[in-house]
Asker: 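First the structure, which I've put down as C-alpha cells, then a few questions once you've had a look.
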Amino acid sequence: MNKQKVALGMSTVLLASVMLSACGGDKEVGNTEVVKETDSKPFPISIVINQVGETPANDNDMEKAMEQYTNTDLQFQWIPQSAYDEKVNVMIASGELPKLIKLSYNPTAIGSLKENLFWEIGPFLKDYKNLSAQNPVFFDNISVEGKIYGVPLFRDLGRSVVHYRKDWFDAAGLKVPKSLDDWYNVIKAMTLGDPDKNGKNDTYGFMMEKKYNLNADSTLTRFSVMNGGPNKWMYENGSFTPEFMTASFFDTLKFFKRLYDEKLINQDFAVVDVSEIDKAYETGRAAIRISGGNAQSWQDKIVKVVPNAVIDNASFEGPNGKRIPGESGNNGFLAIPKSSVKTEAEMKKVLAFMDKLMDPPMATLLVKGIEGRHWQDGGDVTLPLNRDADAKEVKPYRDNLPQRNEWYNIAKPMKQPDLFRKNQQIGRDNEKFVVPNPALTLTSATYLEKGKELEQIMTDAETKFIMGKIDEAGWKAEIEKWKKAGGEKLITEYKEAYEKIKKK
C-alpha cells in the first residue's frame, strides 16, 4: 500500500457512516464534510445481485448513503440464491439486463463474456485508484482468455491457516509443524499420547472428511504446496503438468498413507461427512486442522464441552517458508452489460461507482453499517450494536458489493476477540505467499466434456492409495488411465490456451 493511500485511510476511514439529509447542501460522512453537492444529476444504476437473508427495503438508509456518496440513483433487484444462476441465464438470453450484474465464473457466464455481451474493463482499471491498487491476481482469476470483464467480490486469496489445541500442544511440549515429518510426529503424539488425559484412546491429531481432496481447499493440495509442489497445475519449461504427476504430491500421498496405515487418522475419512468431523473437533476429540474458517468459532463451541480448552492459530508453513495454494479470491464478480450500458462514457461511470465503494468511508459502511445503528465508537475500537440489524441491513450489501476495507489504515477496527483478529491477519498476510493455479481460468473443450470424469479417476485413485487398495504401480496405472481417458488431450489444450494468452 502506498503512503498516499495510508494517509487517505487514516484521515477519512473513521468517518464510517453517512449522515443522511433529505435536503440539499453539503454531504457529510460522520462529522466531516467529504462530498460537495454538485450540479450533476445522479447517475442511475440498476443492479442485480443474489438475495442474502431477507430482502432489504427499497431506498433504505444503506442505499441512501451509497447514493449520496457516489452521486448515483441505485435500483437493486434481489434474486434468491437458489434460483439465481437460472434467472441470470434467462436475462442474458433475453438481453434484458441491468447496468451491473453479479456473475459466477461458470461455463454459461464465460460463454456470454466470449460473445462480447459485456464490457471488457481491463484496459480501464489503471484509471481508478482503488481498483488499480488491488493485487492483479484477483482480476487474473476472473479473466477469460486473458481479458477482464468484471470487478471481483473480493475474498482472501490464501485461506490456509493452522488451527490447533494450544493447551494440548503446550502440555506435550509441541510446536506447530513445518514439514511432513513434523506433521507426522505431532499427529502421532496427539493421537496416541492421550492429550485429553482421560485414559482412553479416543483422540486424533488430524481428521479428514470425504471431500478431503476436492476443490480449492483440498487437503492434499494444501500439504503438497506447503511441501514445494504446484497448486493443481504446473507450467514449466513449456509443459503443463497436473499436481498428481509431481514428486511433492506423491510424497504427500505417501504421508497420508502412513497416517492411515498406523491408524493416526480416522479410518472412515473416505465416507464421513464434514459435519461429523466438525463435531469431533468441537467436542474435544481432535487436535489440529487446516482451515479457511475462523479459529474463534472453534473456541466458542469447544468451551461449552471442554471449558479449559484453548484454541490458537498459526501460519501454514513448510520447510522453505510459507507457500499457500491460491484460491479464486472472489465470491463472483460484477459485470457491465453492453445491452444496457451503451457507451464507453456510461461504462466509466459504472466503474467509477464501484471504485468509490472502495473509498474508506464506503468500505467501512459496507463492512460495519451506519454509526449509531449498527456500531458506535468504543475508544480504540468500534462496538457492534445490533447483530440482527447487521445481518438484515448490512450483510446483503457487504456480501454482494466490492469492499476491501482491510487495505486501508482503519484506526478503529470493529471489536473482536484477539483470536479472531489473529486469524484474519494471517489470512491477509497469506496473500503475499500464494501459489497461483495457472489453469484456473483456462478453457478446454476436453474439460467441459470430461472434466468431472477425469477428476473422479484421480480422486478415487488418491483414496485407494491412501487406504492401501493400490500400490505405487497401481497409482501409476491410474495416471495412465487418466491420460487415455482424455487427460493427455487436456494437458495439450491447457498448454495451448496458456501460451495463447501469454502471447497477447
Side-chain angles (χ1 to χ4, degrees), residues 9 12-20 28-31 47 49-70 74 76-82 84 102 152-156 159 292-301 330-332 334 354 356-425 427-428:
T12 63
V13 77
L14 291 180
L15 315 173
S17 67
V18 176
M19 303 299 291
L20 303 169
E28 293 186 350
V29 178
N31 296 316
I47 306 173
I49 48 183
N50 64 274
Q51 185 176 327
V52 178
E54 299 178 13
T55 301
N58 290 333
D59 204 27
N60 60 69
D61 286 349
M62 288 288 293
E63 292 182 14
K64 289 179 181 177
M66 285 183 271
E67 289 175 328
Q68 194 164 12
Y69 188 90
T70 62
L74 303 176
F76 286 89
Q77 180 180 348
W78 304 87
I79 299 175
Q81 182 63 56
S82 59
Y84 190 80
K102 177 183 174 181
L153 300 178
F154 301 97
R155 299 295 184 269
D156 285 343
R159 302 186 312 125
N294 171 24
Q296 185 64 49
S297 295
W298 185 9
Q299 178 71 65
D300 292 343
K301 291 174 182 177
N330 67 78
N331 184 35
L334 295 173
M354 289 189 280
K356 288 178 182 177
L357 288 182
M358 298 176 71
D359 280 353
M362 287 293 96
T364 303
L365 177 80
L366 291 175
V367 172
K368 299 181 182 180
I370 296 171
E371 184 175 11
R373 177 183 302 179
H374 304 112
W375 61 274
Q376 69 181 21
D377 190 342
D380 294 334
V381 295
T382 57
L383 304 174
L385 291 176
N386 188 324
R387 296 290 188 186
D388 186 58
D390 176 88
K392 291 180 179 180
E393 300 169 8
V394 184
K395 182 175 172 61
Y397 303 97
R398 179 168 61 228
D399 287 3
N400 283 294
L401 295 174
Q403 44 84 12
R404 290 275 282 160
N405 76 309
E406 66 268 28
W407 295 111
Y408 301 99
N409 189 355
I410 296 178
K412 294 184 180 181
M414 189 73 84
K415 183 181 180 181
Q416 297 285 3
D418 290 341
L419 181 60
F420 178 90
R421 291 195 183 288
K422 184 179 178 183
N423 206 132
Q424 275 195 323
Q425 190 60 51
R428 293 168 188 168

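The shown structure was predicted, so the numbers you read here are calculated from the model rather than taken from an experiment. Just so you know, residue 1 is the first one in the sequence shown, and it goes up from there. Worth knowing before you read on, the calculation uses all heavy atoms, side chains too, and leaves out hydrogens, waters and symmetry mates.
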Asker: Just so I know, are the side chains of Arg398 and Asp390 near enough to count as touching, which here means a heavy-atom distance under 4.5 Å?
Answerer: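 Yes, close enough: below the 4.5 Å cut-off.
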
Asker: Do Lys422 and Asp418 meet the salt-bridge criterion of a basic N to acidic O distance under 4.0 Å?
Answerer: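 Salt bridge between Asp418 and Lys422, a charged N being under 4.0 Å from a carboxylate O: no.
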
Asker: Okay, side chain of Asp359, backbone of Pro361: is any donor-acceptor separation there less than 3.5 Å?
Answerer: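 The answer is no, because no donor-acceptor pair under 3.5 Å joins these two groups.
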
Asker: Side chains of Gln51 and Tyr84: any donor to acceptor distance under 3.5 Å?
Answerer: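 On atom types as modelled, these side chains do not qualify, holding no pair under 3.5 Å.
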
Asker: Do the side chains of Met362 and Leu401 get nearer than 4.5 Å, heavy atoms only?
Answerer: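 No, too far: nothing below the 4.5 Å cut-off.
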
Asker: Might you confirm whether atom CD of Glu54 has over 12 heavy atoms from other residues, nucleotides or ligands at distances under 6.0 Å?
Answerer: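 Count not over threshold, so no.
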
Asker: Of all the heavy-atom pairs spanning Trp78 and Thr55, show the shortest one and how long it is.
Answerer: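 Nearest pair, atom of Trp78 first, then Thr55: CD1-CG2, 3.4 Å.
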
Asker: For residues Asp377 and Gly379, report the shortest heavy-atom separation together with the two atoms involved.
Answerer: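 For Asp377 versus Gly379, the nearest heavy atoms are OD1-N, 2.9 Å.
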
Asker: Evaluate the side-chain proximity of Arg155 to Asn330: yes if any heavy-atom separation is below 4.5 Å, no if none is.
Answerer: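 They are not in side-chain contact.
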
Asker: Which atom names give the shortest non-hydrogen contact between Asn400 and Leu334, and what distance separates them?
Answerer: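 That would be O-CD1, 3.9 Å.
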
Asker: Would a 4.5 Å heavy-atom cut-off, applied to side chains only, mark Gln416 and Gln296 as touching?
Answerer: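 No, too far: nothing below the 4.5 Å cut-off.
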
Asker: Nearest 0.5 Å please: distance from the CD1 atom of Ile47 over to the NZ atom of Lys102.
Answerer: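 Reported value, rounded in 0.5 Å steps: 13.0 Å.
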
Asker: Looking at CG of Leu383 and NE2 of His374, how far apart are the two atoms once the value is rounded to the nearest 0.5 Å?
Answerer: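 That separation rounds to 15.0 Å.
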
Asker: Side chains of Phe76 and Pro396: closer than 4.5 Å at any heavy-atom pair?
Answerer: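 Side chain of Phe76 against side chain of Pro396, heavy atoms only: no contact under 4.5 Å found.
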
Asker: I need the Thr70 OG1 to Met354 CE distance, nearest 0.5 Å.
Answerer: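 Reported to 0.5 Å precision, the distance equals 11.5 Å.
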
Asker: Would you name the heavy atoms of Leu366 and Met62 that are closest together and state the gap between them?
Answerer: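 Here Leu366 and Met62 meet closest at CA-CE, 4.5 Å.
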
Asker: Report yes if the side chains of Leu385 and Arg373 come closer than 4.5 Å at any heavy-atom pair, otherwise no.
Answerer: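 No; the side chains remain at least 4.5 Å from each other.
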
Asker: Would you give the length of the straight line joining atom CG of Asn60 to atom CD1 of Ile370, rounded to the nearest 0.5 angstrom?
Answerer: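 Rounded to the nearest 0.5 Å, the CG-CD1 separation comes out at 7.5 Å.
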
Asker: Looking only at non-hydrogen atoms, find the nearest pair between Tyr397 and Glu63 and report the distance.
Answerer: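 Closest pair (atom of Tyr397, atom of Glu63, distance): OH-OE2, 2.6 Å.
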
Asker: So how far is it from Gln299 CD to Asn423 CG, rounded to the nearest 0.5 Å?
Answerer: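 It is 12.0 Å, given to the nearest 0.5 Å.
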
Asker: Does any non-hydrogen side-chain atom of Trp375 lie less than 4.5 Å from one of Lys415?
Answerer: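 In short, these two side chains do not touch, never coming nearer than 4.5 Å.
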
Asker: Shortest non-hydrogen contact from Val52 to Asp399?
Answerer: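 Answer, listing the atom of Val52 first, then Asp399: CG1-OD2, 3.7 Å.
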
Asker: Report the distance from atom CG of Leu419 to atom CG of Asp300, rounding to the nearest 0.5 Å.
Answerer: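 Spacing of CG (Leu419) from CG (Asp300) equals 8.5 Å.
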
